[in-house]
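Encoded as C-alpha cells, the structure appears first; notes follow it.
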Amino acid sequence: MALVFLHHVVGDLTVGKPDLAEFSEEETVEAAIRAIGDCAEGAIAVWRRRAPQQQQARLQPAAEPRAARFVGMLNSLDVVAFLARSVGDHEKAMRSPVSEVVIPNPSLLKEVDPGTRLIDALEMMKQGVRRLLVRKSVAWKGISKRFSVLYNGKWLKNIETSSPGGASSSGPPSPSSLPDDKFCLLSREDVVRFLIGCLGALAPLPLSSISSLGAITPHYAHIEASSPALEAIRKIPQDPCAIAVVETNSDGTHKIVGDISAYKLWKCDYLAAAWAMANLSAGQFVIGGDDNATTPISLPDFIINSPVEDGGTSSRPRKFSSRSIGFFSNQASQKAVGRVRSMYRGRSAPLTCKHTSSLAAVMAQMLSHRATHVWVTDAESEDILVGVVSYSDILHAVTKNPTNVVPPAP
C-alpha cells in the first residue's frame, strides 16, 4: 500500500473547500436545479431542517448530530425523470418540494474527524459512501506525526490533556463535545483530484491498464436505442448513475451510441430534457431529434416556462433539439451544416476509453470532464462496449496491492 494513504488525513483535503450550505428537503425542485449545477458529481446533499428546540439547544451535548439530519443525494437524472413523469403539469412539478423526489439513503454520507487517515476514508467510499462530512476546525488532536504529514501547512502533533486524576488523553474530541462549527463536504471527485497529484507515490499502478487492475465493471445498465427513453427510469443504477444506450449486434455484443446519465444532464435544459424523455426513443433522446440530418424527425413545439433576466418566467414555444438540452454546442452544429452528419456525434457522444487505457489516463479523463464514469470499449473496435469505470472502481484500483496486478495478455 502506498504511504501517501497513511501519511495524509482527511483534513489535508479540506483546505480551500467552501463551507457547507445545507439544502433543505423543503426547497422546491426549481431551487434544486440551480443548486445541482454548482455541485460535484451533478448531485446535491439534501437535509432535514433542525427542529426549533434543537435550534435553541444546538450547542448542548444532546443536540442531534448534523449527519443524522442527512436525507439522501439528489442528482440531475432524478430531477429529469421526475419531470418526465409529471405529464402536462411541469409548473406544479417545479414547485414541488424536493422531499417528493429524493430517495432517502442516509448511508451515502459519513461524518468523520479531520484527523481520519486517508486510507480509512477511501475504505468508507469503497463501501458506498458518496460524501464525507468534515468539521472545518483545527481544534482536534490525537493523530501522531507518522500518520499525517501536514494539516493546514503544519505538522500534526499529539496534544495531551491531563485529566483531574493525572491521566492523559490523546483521543480526538467527540462531535458532541465541540461547538457547532463550520463543516464542509468531500466528494469522491475531491479524493481522486487529490490522488492525481500523487501519482508518483502510487507507482506502478497509475501506468497499469485498467483491465489489469480489475477496474472495469463488466455488468452495466443498458437500454436499446429503439426503446422509449422513459424506460431508462426503471433501470437507473446507484453507482454510476448512468444507462448506456446501445444497439445489439448479431453476435450479442453491444454497440454504444450514447448514454443517459446524471453527468450528461448535469447542466441541461431540464424541462426540454423531460419532454424528450417522455416522448422520444432512447436513441433519439441522446442525439436530439432535429439535429439528425440523416433521419429527420418532425417534432412539435411545446410550451415551457423559461427564466428571464428579472427573475420571473416567460412562457414561449420551444422546439426540442440536442442543443436545447445541452448535448451539442453551437460551434459543433455549425460545422455539421452542409454535409451528412454522423448519427451520434458532438456532445451526445459518450465518454469512452479503451480497456488498455492506463489508470492515470482514465483518472485525468474523468476529472477533465467532471464525469462520474467512463464507458470502456474494446481496443480492437471502439464501438463495442465491454464495461464501465466509475469513481468506486478508481478507488479500488489505487488501493490495490501492486503484486496482485494481472499482467496484460500478449
Side-chain angles (χ1 to χ4, degrees), residues 5 8-25 27 31-50 64-79 98-99 101-137 140 175 180-196 236-242 261-263 266 366-367 370-373 390-396 398-399:
F5 298 129
H8 282 277
V9 293
V10 171
D12 298 337
L13 279 66
T14 63
V15 179
K17 291 290 293 182
D19 296 342
L20 170 64
E22 293 186 4
F23 189 89
S24 171
E25 62 178 352
E27 296 282 354
I33 291 175
R34 292 192 297 266
I36 288 174
D38 298 327
C39 291
E41 302 183 30
I44 57 174
V46 180
W47 308 79
R48 293 196 316 273
R49 289 191 186 276
R50 185 182 277 112
E64 183 182 24
R66 185 178 295 236
R69 294 187 289 105
F70 172 74
V71 178
M73 302 296 300
L74 179 69
N75 61 48
S76 54
L77 183 53
D78 295 330
V79 175
V98 167
S99 57
V101 187
V102 64
I103 300 175
N105 191 350
S107 65
L108 297 180
L109 179 136
K110 181 76 172 179
E111 182 175 357
V112 298
D113 189 86
T116 302
R117 294 185 303 170
L118 184 57
I119 183 60
D120 298 326
L122 262 63
E123 288 300 324
M124 297 177 195
M125 289 186 164
K126 285 162 60 176
Q127 298 301 320
V129 173
R130 304 283 184 83
R131 295 291 190 274
L132 295 177
L133 180 65
V134 188
R135 187 183 299 273
K136 294 185 67 176
S137 171
W140 57 275
D180 189 14
D181 209 346
K182 296 179 180 179
F183 286 80
C184 69
L185 286 181
L186 289 179
S187 66
R188 296 175 298 179
E189 178 184 327
D190 295 322
V191 174
V192 174
R193 194 173 298 278
F194 175 82
L195 292 177
I196 206 169
I236 299 177
Q238 288 295 318
D239 188 31
C241 186
S261 63
Y263 153 65
W266 185 10
M366 293 177 68
L367 291 176
R370 300 202 71 182
T372 57
H373 62 281
S390 65
Y391 276 127
S392 179
D393 298 317
I394 294 290
L395 298 180
H396 276 87
V398 296
T399 54

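Scope of the values below: all heavy atoms of this structure, side chains included, with no hydrogens, waters or symmetry mates. Along the sequence shown, the residues carry numbers beginning at 1. Quick caveat, the model's predicted, so the values are computed rather than measured.
Glu27 is linked by a side chain to side chain donor-acceptor pair (under 3.5 Å) to nothing, counting only residues two or more places apart in sequence or in another chain. Not counting sequence neighbours, the partners of Arg131 by the salt bridge (charged side-chain N to carboxylate O under 4.0 Å, His left out) test are Glu41. Every residue two or more places apart in sequence or in another chain was checked for a side-chain contact (heavy atoms from CB on, under 4.5 Å) with Pro106, and none qualifies. Shown here are the ring pair (Phe, Tyr, Trp, His ring centres under 6.0 Å) partners of Trp47, two or more places apart in sequence or in another chain: Phe70. For Ser99, the side-chain contact (heavy atoms from CB on, under 4.5 Å) partners are Glu25, Pro97, not counting sequence neighbours. In terms of the salt bridge (charged side-chain N to carboxylate O under 4.0 Å, His left out) criterion, Asp38 has no residue partners (sequence neighbours excluded). Checked against side chain to side chain donor-acceptor pair (under 3.5 Å), Ser392 has no partners two or more places apart in sequence or in another chain. With sequence neighbours left out, Arg34 forms a side chain to side chain donor-acceptor pair (under 3.5 Å) with no residue at all. Here Lys17 pairs with Cys184, Leu186, Asp190 under the side-chain contact (heavy atoms from CB on, under 4.5 Å) rule; sequence neighbours left out. Checked against side-chain contact (heavy atoms from CB on, under 4.5 Å), Ala32 has the following partners two or more places apart in sequence or in another chain: Phe23, Ile44, Leu74, Val98.
With contacts defined as side-chain heavy-atom distances shorter than 4.5 Å, the pair Val112/Val134 qualifies. Residues Pro114 and Val9 have side chains not in contact (no heavy-atom distance under 4.5 Å, counting atoms from C-beta outward). Taking the side chain as every heavy atom from C-beta outward, Met125 and Lys110 never approach each other to under 4.5 Å. Side chains of Leu133 and Leu185 form a contact here, defined as non-hydrogen atoms less than 4.5 Å apart. Contact annotation: the side chain of Asp239 approaches that of Arg130 to within less than 4.5 Å [non-hydrogen atoms, C-beta and beyond]. Using a 4.5 Å cut-off on side-chain heavy atoms (C-beta onward), Val191 and Ile394 make no contact.
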> Can you list the steps and then say if Leu195 with Phe5 is a side chain to side chain contact (heavy atoms under 4.5 Å, CB included)?
Replying inline: CA-CA 9 Å; Leu195 292 177; Phe5 298 129; 3.5 Å; yes
> Are Thr116 and Asp113 close enough, and set up right, to give a side-chain hydrogen bond (donor to acceptor under 3.5 Å, both in side chains), and what steps lead you there?
Replying inline: CA-CA 5 Å; Thr116 302; Asp113 189 86; 5.3 Å; no
> Please walk me through it: do Val192 and Met366 pass side chain to side chain contact (heavy atoms under 4.5 Å, CB included)?
Replying inline: CA-CA 9 Å; Val192 174; Met366 293 177 68; over 6 Å; no
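Using a cut-off of 4.0 Å between Lys/Arg side-chain N and Asp/Glu carboxylate O, Glu22 and Arg50 are scored as not salt-bridged. Residues Arg370 and Glu189 are paired through a salt bridge, judged by an N-O separation under 4.0 Å between the basic side chain and the carboxylate.
A donor-acceptor pair under 3.5 Å is formed between the side chain of Trp266 and the backbone N or O of Ile36. With hydrogens and angles disregarded, a donor-acceptor distance shorter than 3.5 Å links the side chain of Ser76 to the backbone of Ala262.
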